[in-house]
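Scroll down for the structure; my scribbles are underneath it.
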Amino acid sequence: MGVTVKDILQLPSFQGAKVLTGKSNLSRTVSSLSVLEVSNADFSSQIVNSVQEEWYAEELVISSLFSIKDSVEKQCETIRYLHGLGEVGLILYYVGIVIRELTEEVLEFAESLNFMIICMPENDYTLRYNEVIYEVMEAIVLNNQTINDNFVNESLEKVTLLPEHSQSVEMTLKLLSDRLKASLILTNKNLQIVNQVMWPRNSPLEVSQMIRDYAPQLVNSGSRTEDRAPACFIEHRGIYQKNGEVLYLFLIKEQSKLPAKTMDKISEVVQVAINLWGDKHNEVSEYALVKAIINDESEKMRRLAQLLHIDVSAIQMMWLVYLQDLSMEKHVREELEEYLSKYYKTAVIQTIDHCIIVLLGNCSYKYNEYEIAAEYAETTSFLASISEMVYAPRMRNTLDVRRMYQLVNQVGKKVHLIYNHRKLFTAAEIRSMKRAIDLSIQGEEVIEEWMSAIAPVLNDAESVRTLATFLLDAKGNLDECARLLFIHKNTVKYRIKKISELVGYDITVNSEFYEVYLACMIYRLINS
(Lines give C-alpha, C1' and ligand atoms only; values in the text may rest on other atoms or scores of the structure.)
Protein backbone atom coordinates (compact mmCIF):
# COMPACT_ATOMS: atom_id res chain seq x y z
CA MET A 1 0.00 0.00 0.00
CA GLY A 2 1.20 3.56 -0.67
CA VAL A 3 2.27 6.03 2.02
CA THR A 4 -0.87 7.35 3.73
CA VAL A 5 -1.51 10.53 5.71
CA LYS A 6 -1.67 8.37 8.83
CA ASP A 7 1.81 7.00 8.01
CA ILE A 8 3.42 10.40 7.58
CA LEU A 9 1.91 11.69 10.82
CA GLN A 10 4.09 9.10 12.59
CA LEU A 11 7.29 10.68 11.23
CA PRO A 12 9.51 12.56 13.73
CA SER A 13 9.02 15.89 11.96
CA PHE A 14 5.25 15.72 12.69
CA GLN A 15 5.60 15.47 16.48
CA GLY A 16 2.99 17.70 18.06
CA ALA A 17 1.02 18.16 14.82
CA LYS A 18 -2.78 18.07 15.03
CA VAL A 19 -5.36 17.11 12.43
CA LEU A 20 -8.00 19.83 12.70
CA THR A 21 -10.35 18.94 9.83
CA GLY A 22 -10.91 16.19 7.28
CA LYS A 23 -9.99 13.33 9.62
CA SER A 24 -11.69 10.83 7.31
CA ASN A 25 -8.78 11.40 4.90
CA LEU A 26 -6.21 9.73 7.15
CA SER A 27 -6.16 6.67 4.89
CA ARG A 28 -5.60 8.74 1.72
CA THR A 29 -2.36 8.07 -0.13
CA VAL A 30 0.24 10.85 -0.42
CA SER A 31 2.60 10.83 -3.40
CA SER A 32 3.97 14.39 -3.35
CA LEU A 33 4.31 17.69 -1.47
CA SER A 34 4.09 21.23 -2.75
CA VAL A 35 4.90 24.58 -1.10
CA LEU A 36 2.43 27.43 -1.60
CA GLU A 37 3.83 30.75 -0.43
CA VAL A 38 3.70 34.07 -2.28
CA SER A 39 4.26 37.60 -1.04
CA ASN A 40 1.33 39.42 -2.65
CA ALA A 41 -2.08 38.80 -1.09
CA ASP A 42 -4.08 39.52 -4.24
CA PHE A 43 -1.76 37.30 -6.28
CA SER A 44 -2.21 34.42 -3.85
CA SER A 45 -5.64 33.38 -5.04
CA GLN A 46 -4.67 34.02 -8.67
CA ILE A 47 -1.69 31.67 -8.55
CA VAL A 48 -3.80 28.94 -6.98
CA ASN A 49 -6.58 29.45 -9.50
CA SER A 50 -4.34 29.43 -12.56
CA VAL A 51 -2.20 26.36 -11.98
CA GLN A 52 -1.38 24.13 -14.89
CA GLU A 53 -3.97 21.68 -16.16
CA GLU A 54 -3.37 18.92 -13.65
CA TRP A 55 -5.32 17.09 -10.98
CA TYR A 56 -3.39 16.90 -7.73
CA ALA A 57 -5.13 13.86 -6.30
CA GLU A 58 -2.37 12.71 -3.91
CA GLU A 59 -0.62 15.93 -2.98
CA LEU A 60 -0.33 17.79 0.33
CA VAL A 61 0.35 21.53 0.32
CA ILE A 62 2.69 23.19 2.84
CA SER A 63 2.02 26.84 3.70
CA SER A 64 1.81 29.43 6.46
CA LEU A 65 -0.79 31.41 4.43
CA PHE A 66 1.36 34.46 5.17
CA SER A 67 0.04 36.53 2.27
CA ILE A 68 -3.59 36.09 3.37
CA LYS A 69 -3.07 35.84 7.13
CA ASP A 70 -5.54 38.65 7.87
CA SER A 71 -8.34 37.64 5.51
CA VAL A 72 -10.75 34.88 6.54
CA GLU A 73 -12.51 35.18 3.17
CA LYS A 74 -9.27 34.65 1.20
CA GLN A 75 -8.30 31.74 3.45
CA CYS A 76 -11.63 30.05 2.68
CA GLU A 77 -11.22 30.91 -1.00
CA THR A 78 -7.77 29.31 -1.05
CA ILE A 79 -9.09 26.18 0.65
CA ARG A 80 -11.87 26.00 -1.93
CA TYR A 81 -9.36 26.29 -4.79
CA LEU A 82 -7.05 23.67 -3.31
CA HIS A 83 -9.97 21.31 -2.76
CA GLY A 84 -11.09 21.96 -6.34
CA LEU A 85 -7.67 20.96 -7.59
CA GLY A 86 -7.92 17.66 -5.77
CA GLU A 87 -5.31 18.35 -3.09
CA VAL A 88 -5.48 15.97 -0.10
CA GLY A 89 -4.99 18.77 2.40
CA LEU A 90 -2.91 21.57 3.87
CA ILE A 91 0.02 21.33 6.30
CA LEU A 92 -0.19 24.68 8.10
CA TYR A 93 2.93 26.19 9.70
CA TYR A 94 3.50 28.99 12.21
CA VAL A 95 -0.01 29.22 13.68
CA GLY A 96 0.17 31.74 16.51
CA ILE A 97 3.03 33.53 14.76
CA VAL A 98 1.82 34.26 11.23
CA ILE A 99 -1.88 33.43 11.59
CA ARG A 100 -2.79 34.21 15.19
CA GLU A 101 -5.44 31.51 15.18
CA LEU A 102 -7.63 29.64 12.70
CA THR A 103 -11.16 31.00 12.94
CA GLU A 104 -14.20 28.78 13.34
CA GLU A 105 -15.41 29.97 9.94
CA VAL A 106 -12.28 28.60 8.22
CA LEU A 107 -12.41 25.31 10.13
CA GLU A 108 -16.13 24.82 9.46
CA PHE A 109 -15.67 25.58 5.77
CA ALA A 110 -12.75 23.13 5.46
CA GLU A 111 -14.75 20.46 7.30
CA SER A 112 -17.75 21.01 5.03
CA LEU A 113 -15.49 20.13 2.06
CA ASN A 114 -13.85 17.27 3.98
CA PHE A 115 -10.57 19.08 3.32
CA MET A 116 -7.73 18.14 5.66
CA ILE A 117 -5.87 20.78 7.67
CA ILE A 118 -2.84 19.53 9.61
CA CYS A 119 -1.66 22.15 12.07
CA MET A 120 2.01 21.99 12.98
CA PRO A 121 2.92 22.81 16.62
CA GLU A 122 1.76 26.33 17.41
CA ASN A 123 4.02 29.26 18.39
CA ASP A 124 7.15 27.36 17.33
CA TYR A 125 9.76 29.48 15.53
CA THR A 126 12.11 26.50 15.11
CA LEU A 127 9.93 24.66 12.59
CA ARG A 128 11.44 24.21 9.12
CA TYR A 129 9.66 23.17 5.93
CA ASN A 130 12.61 21.08 4.76
CA GLU A 131 12.31 18.62 7.65
CA VAL A 132 8.81 17.55 6.64
CA ILE A 133 9.67 17.66 2.94
CA TYR A 134 12.72 15.43 3.38
CA GLU A 135 11.06 12.82 5.60
CA VAL A 136 7.84 12.58 3.61
CA MET A 137 9.57 12.35 0.24
CA GLU A 138 12.04 9.77 1.59
CA ALA A 139 9.11 7.62 2.76
CA ILE A 140 7.39 7.99 -0.63
CA VAL A 141 10.54 7.11 -2.59
CA LEU A 142 11.24 4.03 -0.47
CA ASN A 143 7.63 2.90 -0.87
CA ASN A 144 7.66 3.41 -4.63
CA GLN A 145 10.63 1.10 -5.07
CA THR A 146 8.34 -1.88 -4.58
CA ILE A 147 5.23 -2.83 -6.50
CA ASN A 148 3.24 -5.02 -4.12
CA ASP A 149 0.40 -7.46 -4.77
CA ASN A 150 -2.22 -4.81 -4.02
CA PHE A 151 -0.83 -2.38 -6.60
CA VAL A 152 -3.68 -2.92 -9.11
CA ASN A 153 -6.49 -2.48 -6.58
CA GLU A 154 -4.82 0.51 -4.92
CA SER A 155 -4.26 2.28 -8.24
CA LEU A 156 -7.84 1.83 -9.38
CA GLU A 157 -9.20 2.87 -5.97
CA LYS A 158 -7.30 6.15 -6.23
CA VAL A 159 -9.00 6.95 -9.53
CA THR A 160 -12.47 6.05 -8.26
CA LEU A 161 -11.99 8.45 -5.33
CA LEU A 162 -11.74 11.35 -7.81
CA PRO A 163 -14.80 13.35 -8.92
CA GLU A 164 -16.72 11.55 -11.65
CA HIS A 165 -15.60 13.95 -14.39
CA SER A 166 -11.96 13.13 -13.59
CA GLN A 167 -12.35 9.35 -13.72
CA SER A 168 -10.77 8.56 -17.06
CA VAL A 169 -8.08 6.55 -18.82
CA GLU A 170 -5.77 9.56 -19.05
CA MET A 171 -6.12 10.32 -15.34
CA THR A 172 -5.21 6.69 -14.62
CA LEU A 173 -2.11 7.10 -16.79
CA LYS A 174 -1.18 10.31 -14.94
CA LEU A 175 -1.37 8.63 -11.55
CA LEU A 176 0.68 5.66 -12.80
CA SER A 177 3.26 7.96 -14.39
CA ASP A 178 3.67 9.88 -11.14
CA ARG A 179 4.04 6.66 -9.16
CA LEU A 180 6.55 5.04 -11.54
CA LYS A 181 8.39 8.19 -12.65
CA ALA A 182 8.01 6.98 -16.24
CA SER A 183 6.30 8.13 -19.46
CA LEU A 184 3.20 6.20 -20.54
CA ILE A 185 1.85 6.26 -24.08
CA LEU A 186 -1.28 4.57 -25.40
CA THR A 187 -1.61 4.07 -29.16
CA ASN A 188 -4.14 2.52 -31.50
CA LYS A 189 -3.30 -0.50 -33.65
CA ASN A 190 -1.78 1.84 -36.28
CA LEU A 191 0.58 3.22 -33.61
CA GLN A 192 -1.09 6.63 -33.60
CA ILE A 193 -0.91 8.16 -30.11
CA VAL A 194 -4.24 8.19 -28.26
CA ASN A 195 -2.96 9.28 -24.82
CA GLN A 196 0.46 10.51 -23.78
CA VAL A 197 1.63 11.30 -20.25
CA MET A 198 5.25 12.31 -19.85
CA TRP A 199 7.57 12.08 -16.87
CA PRO A 200 8.58 14.72 -16.11
CA ARG A 201 5.66 16.56 -17.73
CA ASN A 202 8.04 18.82 -19.69
CA SER A 203 10.17 15.91 -20.93
CA PRO A 204 11.73 16.62 -24.34
CA LEU A 205 11.69 12.95 -25.40
CA GLU A 206 10.39 12.44 -28.93
CA VAL A 207 8.23 9.49 -27.93
CA SER A 208 6.30 9.47 -31.18
CA GLN A 209 9.54 8.96 -33.10
CA MET A 210 10.73 6.35 -30.59
CA ILE A 211 7.53 4.39 -31.05
CA ARG A 212 7.76 4.60 -34.84
CA ASP A 213 11.36 3.37 -34.67
CA TYR A 214 10.89 0.50 -32.26
CA ALA A 215 7.20 -0.42 -32.11
CA PRO A 216 7.12 -2.56 -35.28
CA GLN A 217 9.72 -4.89 -33.79
CA LEU A 218 7.96 -4.89 -30.40
CA VAL A 219 4.52 -5.53 -31.84
CA ASN A 220 5.62 -8.25 -34.26
CA SER A 221 7.98 -10.17 -31.99
CA GLY A 222 6.32 -9.55 -28.63
CA SER A 223 9.77 -9.26 -27.07
CA ARG A 224 11.11 -6.58 -24.74
CA THR A 225 13.58 -4.31 -26.47
CA GLU A 226 15.79 -1.60 -25.07
CA ASP A 227 15.89 1.78 -26.73
CA ARG A 228 19.09 2.28 -28.71
CA ALA A 229 19.67 5.35 -26.56
CA PRO A 230 21.31 3.67 -23.53
CA ALA A 231 19.61 6.02 -21.04
CA CYS A 232 16.08 4.95 -22.08
CA PHE A 233 14.22 1.65 -21.76
CA ILE A 234 10.97 0.72 -23.52
CA GLU A 235 8.36 -1.93 -22.71
CA HIS A 236 4.92 -2.56 -24.17
CA ARG A 237 1.74 -4.59 -23.72
CA GLY A 238 -1.47 -5.03 -25.69
CA ILE A 239 -4.68 -3.64 -24.17
CA TYR A 240 -8.02 -4.84 -25.52
CA GLN A 241 -11.23 -2.85 -25.76
CA LYS A 242 -14.69 -4.34 -25.32
CA ASN A 243 -15.14 -4.48 -29.09
CA GLY A 244 -11.98 -6.59 -29.40
CA GLU A 245 -9.80 -3.89 -30.94
CA VAL A 246 -6.27 -3.71 -29.61
CA LEU A 247 -4.49 -0.69 -28.16
CA TYR A 248 -0.78 -0.67 -27.32
CA LEU A 249 0.56 0.62 -24.02
CA PHE A 250 4.20 1.77 -24.08
CA LEU A 251 6.25 2.54 -20.99
CA ILE A 252 9.42 4.61 -21.41
CA LYS A 253 11.74 4.80 -18.40
CA GLU A 254 14.89 6.92 -18.36
CA GLN A 255 18.09 5.91 -16.59
CA SER A 256 16.85 2.60 -15.18
CA LYS A 257 14.58 -0.37 -15.80
CA LEU A 258 11.54 -1.05 -13.67
CA PRO A 259 11.44 -4.22 -11.57
CA ALA A 260 10.29 -7.44 -13.22
CA LYS A 261 6.52 -7.92 -13.69
CA THR A 262 5.89 -4.19 -13.11
CA MET A 263 4.70 -3.80 -16.69
CA ASP A 264 2.23 -6.66 -16.23
CA LYS A 265 0.63 -4.92 -13.26
CA ILE A 266 0.57 -1.56 -15.02
CA SER A 267 -1.11 -3.04 -18.08
CA GLU A 268 -3.68 -4.73 -15.81
CA VAL A 269 -4.57 -1.36 -14.26
CA VAL A 270 -4.90 0.27 -17.68
CA GLN A 271 -6.95 -2.69 -18.99
CA VAL A 272 -9.49 -2.22 -16.17
CA ALA A 273 -9.53 1.55 -16.77
CA ILE A 274 -10.27 0.93 -20.46
CA ASN A 275 -13.11 -1.42 -19.47
CA LEU A 276 -14.56 1.14 -17.05
CA TRP A 277 -14.01 4.48 -18.76
CA GLY A 278 -12.59 3.84 -22.22
CA ASP A 279 -15.39 2.34 -24.28
CA LYS A 280 -14.38 2.88 -27.93
CA HIS A 281 -11.32 4.71 -26.62
CA ASN A 282 -9.80 5.08 -30.07
CA GLU A 283 -13.09 6.12 -31.67
CA VAL A 284 -12.83 9.17 -33.92
CA SER A 285 -16.03 11.17 -33.39
CA GLU A 286 -17.27 14.52 -32.12
CA TYR A 287 -18.64 12.70 -29.05
CA ALA A 288 -15.16 11.36 -28.25
CA LEU A 289 -13.71 14.85 -28.77
CA VAL A 290 -16.14 16.48 -26.32
CA LYS A 291 -15.51 13.72 -23.78
CA ALA A 292 -11.76 14.26 -24.11
CA ILE A 293 -12.19 18.02 -23.52
CA ILE A 294 -14.25 17.72 -20.33
CA ASN A 295 -12.20 14.77 -19.00
CA ASP A 296 -8.86 16.59 -19.42
CA GLU A 297 -7.51 14.09 -21.95
CA SER A 298 -5.35 16.64 -23.72
CA GLU A 299 -3.37 14.40 -26.08
CA LYS A 300 -6.49 12.57 -27.18
CA MET A 301 -8.31 15.88 -27.68
CA ARG A 302 -5.57 17.24 -29.95
CA ARG A 303 -5.45 14.03 -32.00
CA LEU A 304 -9.22 13.90 -32.47
CA ALA A 305 -9.47 17.59 -33.34
CA GLN A 306 -6.83 17.12 -36.04
CA LEU A 307 -8.52 14.02 -37.47
CA LEU A 308 -11.96 15.67 -37.44
CA HIS A 309 -10.60 18.95 -38.88
CA ILE A 310 -12.09 20.91 -35.98
CA ASP A 311 -10.20 23.97 -34.79
CA VAL A 312 -10.76 23.77 -31.02
CA SER A 313 -8.96 27.11 -30.63
CA ALA A 314 -11.91 28.72 -32.47
CA ILE A 315 -14.33 27.68 -29.71
CA GLN A 316 -15.33 30.82 -27.83
CA MET A 317 -18.83 30.01 -26.66
CA MET A 318 -20.52 27.17 -24.81
CA TRP A 319 -24.12 26.32 -24.14
CA LEU A 320 -25.08 23.61 -21.66
CA VAL A 321 -28.62 22.35 -22.18
CA TYR A 322 -29.76 20.03 -19.37
CA LEU A 323 -32.69 17.71 -20.10
CA GLN A 324 -35.40 16.46 -17.72
CA ASP A 325 -35.14 13.06 -19.40
CA LEU A 326 -33.52 11.71 -22.55
CA SER A 327 -36.68 10.75 -24.44
CA MET A 328 -36.55 13.99 -26.49
CA GLU A 329 -32.75 14.26 -26.66
CA LYS A 330 -32.49 13.49 -30.39
CA HIS A 331 -35.16 16.06 -31.29
CA VAL A 332 -33.62 18.78 -29.10
CA ARG A 333 -30.18 18.17 -30.60
CA GLU A 334 -31.53 18.28 -34.16
CA GLU A 335 -33.36 21.54 -33.38
CA LEU A 336 -30.17 23.03 -31.91
CA GLU A 337 -28.14 22.02 -34.98
CA GLU A 338 -30.65 23.63 -37.34
CA TYR A 339 -31.02 26.79 -35.26
CA LEU A 340 -27.30 27.40 -34.67
CA SER A 341 -26.24 26.71 -38.26
CA LYS A 342 -27.70 30.13 -39.12
CA TYR A 343 -25.26 31.91 -36.79
CA TYR A 344 -22.07 29.86 -36.26
CA LYS A 345 -19.57 28.31 -38.65
CA THR A 346 -18.12 26.10 -35.89
CA ALA A 347 -20.64 24.07 -33.90
CA VAL A 348 -19.97 20.84 -32.01
CA ILE A 349 -23.12 19.46 -30.35
CA GLN A 350 -22.99 16.25 -28.32
CA THR A 351 -24.91 14.72 -25.41
CA ILE A 352 -23.11 13.50 -22.28
CA ASP A 353 -25.34 12.07 -19.56
CA HIS A 354 -28.35 14.43 -19.35
CA CYS A 355 -26.52 17.43 -20.79
CA ILE A 356 -26.28 18.57 -24.40
CA ILE A 357 -22.89 20.29 -24.66
CA VAL A 358 -22.78 22.91 -27.40
CA LEU A 359 -19.36 24.33 -28.37
CA LEU A 360 -19.51 27.31 -30.72
CA GLY A 361 -17.12 29.55 -32.64
CA ASN A 362 -16.84 31.86 -35.65
CA CYS A 363 -20.14 33.69 -35.33
CA SER A 364 -21.24 34.43 -38.90
CA TYR A 365 -22.68 37.89 -38.30
CA LYS A 366 -22.48 40.67 -35.75
CA TYR A 367 -25.31 39.31 -33.68
CA ASN A 368 -25.67 39.79 -29.95
CA GLU A 369 -24.76 36.28 -28.89
CA TYR A 370 -26.74 36.36 -25.65
CA GLU A 371 -29.83 37.31 -27.64
CA ILE A 372 -29.25 34.24 -29.83
CA ALA A 373 -29.36 32.05 -26.71
CA ALA A 374 -32.33 33.93 -25.21
CA GLU A 375 -34.29 33.65 -28.46
CA TYR A 376 -33.70 29.90 -28.58
CA ALA A 377 -34.84 29.52 -24.95
CA GLU A 378 -38.02 31.48 -25.77
CA THR A 379 -38.85 29.78 -29.08
CA THR A 380 -37.76 26.15 -28.63
CA SER A 381 -40.45 23.55 -29.15
CA PHE A 382 -39.00 21.47 -26.33
CA LEU A 383 -38.91 23.91 -23.39
CA ALA A 384 -40.78 21.44 -21.19
CA SER A 385 -38.00 18.88 -21.72
CA ILE A 386 -35.25 21.35 -20.72
CA SER A 387 -34.53 21.72 -16.99
CA GLU A 388 -31.93 24.48 -17.41
CA MET A 389 -29.70 26.12 -19.97
CA VAL A 390 -26.38 27.87 -19.33
CA TYR A 391 -24.90 30.49 -21.65
CA ALA A 392 -21.10 30.74 -21.23
CA PRO A 393 -19.25 33.27 -23.42
CA ARG A 394 -15.56 34.15 -23.58
CA MET A 395 -14.26 30.59 -23.50
CA ARG A 396 -10.57 31.32 -24.14
CA ASN A 397 -9.54 27.68 -24.41
CA THR A 398 -10.66 24.14 -23.63
CA LEU A 399 -9.56 24.60 -20.00
CA ASP A 400 -12.26 27.29 -19.64
CA VAL A 401 -14.77 24.89 -21.20
CA ARG A 402 -13.88 22.13 -18.75
CA ARG A 403 -13.92 24.44 -15.70
CA MET A 404 -17.30 25.89 -16.59
CA TYR A 405 -18.79 22.43 -17.17
CA GLN A 406 -17.47 21.31 -13.78
CA LEU A 407 -18.68 24.51 -12.07
CA VAL A 408 -22.22 24.08 -13.40
CA ASN A 409 -22.26 20.49 -12.17
CA GLN A 410 -21.00 21.62 -8.74
CA VAL A 411 -23.93 24.03 -8.48
CA GLY A 412 -26.17 21.17 -9.60
CA LYS A 413 -29.80 21.10 -8.54
CA LYS A 414 -29.31 23.99 -6.10
CA VAL A 415 -29.87 26.28 -9.07
CA HIS A 416 -33.59 25.51 -8.66
CA LEU A 417 -33.48 26.47 -4.99
CA ILE A 418 -32.10 29.91 -5.89
CA TYR A 419 -34.11 30.57 -9.06
CA ASN A 420 -37.76 29.57 -8.94
CA HIS A 421 -38.98 30.64 -12.36
CA ARG A 422 -36.07 30.66 -14.81
CA LYS A 423 -34.34 28.17 -17.09
CA LEU A 424 -31.69 30.29 -18.87
CA PHE A 425 -28.64 31.35 -16.85
CA THR A 426 -25.39 33.12 -17.71
CA ALA A 427 -21.92 31.98 -16.68
CA ALA A 428 -21.68 35.03 -14.41
CA GLU A 429 -24.87 33.97 -12.62
CA ILE A 430 -23.48 30.45 -12.18
CA ARG A 431 -20.30 31.88 -10.59
CA SER A 432 -22.43 34.02 -8.25
CA MET A 433 -24.51 30.98 -7.32
CA LYS A 434 -21.36 28.99 -6.49
CA ARG A 435 -20.13 31.84 -4.30
CA ALA A 436 -23.49 32.02 -2.52
CA ILE A 437 -23.47 28.25 -1.96
CA ASP A 438 -19.95 28.43 -0.50
CA LEU A 439 -20.90 31.34 1.77
CA SER A 440 -24.06 29.57 2.96
CA ILE A 441 -22.00 26.76 4.52
CA GLN A 442 -19.32 28.90 6.20
CA GLY A 443 -21.04 29.20 9.56
CA GLU A 444 -23.50 31.50 11.29
CA GLU A 445 -21.16 34.47 11.63
CA VAL A 446 -20.41 34.64 7.88
CA ILE A 447 -24.08 34.13 6.98
CA GLU A 448 -25.14 36.85 9.41
CA GLU A 449 -22.57 39.25 7.94
CA TRP A 450 -23.86 38.74 4.40
CA MET A 451 -27.51 38.76 5.40
CA SER A 452 -26.99 42.14 7.06
CA ALA A 453 -27.40 43.68 3.59
CA ILE A 454 -31.12 42.82 3.71
CA ALA A 455 -31.56 42.73 7.50
CA PRO A 456 -33.98 45.72 7.57
CA VAL A 457 -36.59 43.75 5.56
CA LEU A 458 -35.97 40.21 6.78
CA ASN A 459 -38.98 40.27 9.10
CA ASP A 460 -41.30 41.39 6.29
CA ALA A 461 -42.09 38.30 4.17
CA GLU A 462 -43.77 40.38 1.44
CA SER A 463 -40.73 42.64 1.04
CA VAL A 464 -38.27 39.73 0.97
CA ARG A 465 -40.37 37.90 -1.63
CA THR A 466 -40.63 41.02 -3.79
CA LEU A 467 -36.90 41.74 -3.47
CA ALA A 468 -35.80 38.18 -4.35
CA THR A 469 -38.25 37.92 -7.23
CA PHE A 470 -37.17 41.29 -8.64
CA LEU A 471 -33.40 40.61 -8.50
CA LEU A 472 -33.26 36.87 -9.14
CA ASP A 473 -36.26 35.75 -11.15
CA ALA A 474 -37.11 38.95 -13.02
CA LYS A 475 -33.48 40.13 -13.49
CA GLY A 476 -34.45 43.66 -12.38
CA ASN A 477 -37.36 43.96 -14.81
CA LEU A 478 -40.40 45.63 -13.23
CA ASP A 479 -42.92 44.23 -15.72
CA GLU A 480 -41.64 40.67 -15.32
CA CYS A 481 -41.61 41.00 -11.53
CA ALA A 482 -45.22 42.20 -11.58
CA ARG A 483 -46.20 39.24 -13.79
CA LEU A 484 -44.51 36.72 -11.48
CA LEU A 485 -46.06 38.21 -8.32
CA PHE A 486 -49.50 38.72 -9.93
CA ILE A 487 -49.57 42.38 -8.90
CA HIS A 488 -49.59 45.71 -10.74
CA LYS A 489 -46.33 47.20 -12.00
CA ASN A 490 -46.86 50.37 -9.93
CA THR A 491 -47.16 48.23 -6.80
CA VAL A 492 -43.79 46.68 -7.61
CA LYS A 493 -42.26 50.14 -8.16
CA TYR A 494 -43.60 51.34 -4.80
CA ARG A 495 -42.29 48.26 -2.94
CA ILE A 496 -38.85 48.42 -4.60
CA LYS A 497 -38.53 52.12 -3.74
CA LYS A 498 -39.46 51.41 -0.12
CA ILE A 499 -37.05 48.43 0.10
CA SER A 500 -34.20 50.51 -1.38
CA GLU A 501 -34.71 53.17 1.28
CA LEU A 502 -34.71 50.56 4.06
CA VAL A 503 -31.60 48.61 2.99
CA GLY A 504 -29.64 51.68 1.90
CA TYR A 505 -28.97 50.45 -1.66
CA ASP A 506 -30.68 51.49 -4.87
CA ILE A 507 -31.51 47.98 -6.05
CA THR A 508 -32.48 49.26 -9.49
CA VAL A 509 -28.83 50.21 -10.13
CA ASN A 510 -26.51 47.33 -11.05
CA SER A 511 -23.42 48.82 -9.44
CA GLU A 512 -25.13 49.03 -6.05
CA PHE A 513 -27.11 45.85 -5.55
CA TYR A 514 -24.52 43.01 -5.80
CA GLU A 515 -24.33 42.42 -2.03
CA VAL A 516 -28.14 42.46 -1.83
CA TYR A 517 -28.28 40.09 -4.82
CA LEU A 518 -25.94 37.58 -3.08
CA ALA A 519 -27.86 37.95 0.19
CA CYS A 520 -31.08 37.01 -1.64
CA MET A 521 -29.39 33.89 -3.01
CA ILE A 522 -28.16 32.88 0.44
CA TYR A 523 -31.62 33.57 1.89
CA ARG A 524 -33.26 31.20 -0.57
CA LEU A 525 -30.60 28.54 0.00
CA ILE A 526 -30.97 28.48 3.78
CA ASN A 527 -34.77 28.82 3.70
CA SER A 528 -35.51 26.39 0.88
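Computation of the quantities below employed the complete heavy-atom set of this structure, encompassing side-chain atoms and omitting hydrogens, waters and symmetry-equivalent molecules. Since this is a predicted model, take the numbers as computed values, not measurements.
- In summary, E77 and R435 do not engage in a salt bridge, as defined by a charged side-chain N under 4.0 Å from a carboxylate O.
- Here L180 contributes atom CG and S155 contributes atom OG; the two are 8.0 Å apart, rounded to the nearest 0.5 Å.
- We find the CG-CG distance between L107 and L102 to be 5.0 Å, quoted to the nearest 0.5 Å.
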Worksheet item: Given the rule in the side chain to side chain contact (heavy atoms under 4.5 Å, CB included) test, do N295 and M301 qualify, once you have shown the distances and angles that lead to the verdict?
Response: CA-CA 10 Å; N295 286 343; M301 176 196 73; over 6 Å; no
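- Each of E449, E444, E445 was evaluated against E105; a single residue qualifies, E445, per the side chain to side chain contact (heavy atoms under 4.5 Å, CB included) test.
- Looking at N114 and S24, their side chains do bring a donor and an acceptor atom within 3.5 Å of each other.
- Salt bridge R465/E462: absent, no basic N to carboxylate O contact under 4.0 Å.
- Of the charged side-chain nitrogens involved, at least one lies within less than 4.0 Å of a carboxylate oxygen, so that K434 and D438 count as a salt-bridged pair.
- By the 4.5 Å heavy-atom criterion applied to side chains, M404 and V408 are counted as neighbours.
- Nearest heavy-atom pair across I507 and F470 is O-CE2, 3.5 Å.
- Atom CD1 of I140 sits about 10.0 Å away from atom CZ of R179, to the nearest 0.5 Å.
- Checked by atom type, the side-chain pair E58/S31 shows a donor-acceptor distance below 3.5 Å.
- The nearest pair of heavy atoms linking L156 to V269 is CD2-O, 3.8 Å.
- Screening residues 431-461 for ring pair (Phe, Tyr, Trp, His ring centres under 6.0 Å) gives no qualifying pairs among residues at least two apart or on separate chains.
- Rounding to the nearest 0.5 Å gives a distance of 9.0 Å between CZ of R80 and CD of Q442.
- The 12-atom threshold is not exceeded at OH of Y134, counting heavy atoms of other residues, nucleotides or ligands nearer than 6.0 Å.
- Pairing each heavy atom of H83 with each of L113, the nearest pair is NE2-O, 3.3 Å.
- Annotation: the span from K181 atom NZ to D178 atom CG amounts to 6.5 Å, rounded to 0.5 Å.
- N527 CG: more than 12 foreign heavy atoms inside a 6.0 Å radius.
- For the 3.5 Å distance criterion, the side chains of E135 and S13 qualify, holding a donor opposite an acceptor.
- With hydrogens and angles ignored, the 3.5 Å screen pairs a side-chain donor or acceptor of E429 with a backbone N or O of T426.
- There is no side-chain donor-acceptor pair under 3.5 Å between D353 and Y322.
- The two residues Y419 and L472 make their nearest non-hydrogen contact at CE2-O, 3.1 Å.
- Looking at every heavy atom in both residues, A436 comes nearest to M521 through CB-CB, 3.7 Å.
- At a threshold of 4.5 Å between non-hydrogen side-chain atoms, the residues M120 and V132 count as touching.
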Worksheet item: What's the verdict on side chain to side chain contact (heavy atoms under 4.5 Å, CB included) for S168 and T172, showing C-alpha distance, side-chain angles and the deciding distance?
Response: CA-CA 6 Å; S168 66; T172 305; over 6 Å; no
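- Looking at every heavy atom in both residues, W199 comes nearest to S177 through CB-OG, 3.6 Å.
- A salt bridge links R128 with E131: the distance from a Lys NZ or Arg NE/NH1/NH2 to an Asp or Glu carboxylate oxygen falls below 4.0 Å.
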Worksheet item: Does the pair F425 and Y391 meet the rule for a ring pair (Phe, Tyr, Trp, His ring centres under 6.0 Å), with working shown?
Response: CA-CA 6 Å; F425 307 99; Y391 161 85; over 10 Å; no
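- Counting only distance, with no hydrogens or angles, the side chain of T398 and the backbone of V401 share no donor-acceptor pair below 3.5 Å.
- To the nearest 0.5 angstrom, K413 atom NZ is 15.5 Å from I418 atom CD1.
- Ion pairing between D460 and R495 fails under the 4.0 Å rule for side-chain N and carboxylate O.
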Discussion item. One pair to check against side chain to side chain donor-acceptor pair (under 3.5 Å): Q324 and S385. What are the steps and the verdict?
Written reply: CA-CA 5 Å; Q324 306 273 17; S385 299; over 6 Å; no
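- Between the N477 side chain and the E480 main chain, a donor and an acceptor come within less than 3.5 Å of each other.
- Screening residues 499-525 for salt bridge (charged side-chain N to carboxylate O under 4.0 Å, His left out) gives D473-R524, K497-E501 as the qualifying pairs, with residues at least two apart or on separate chains.
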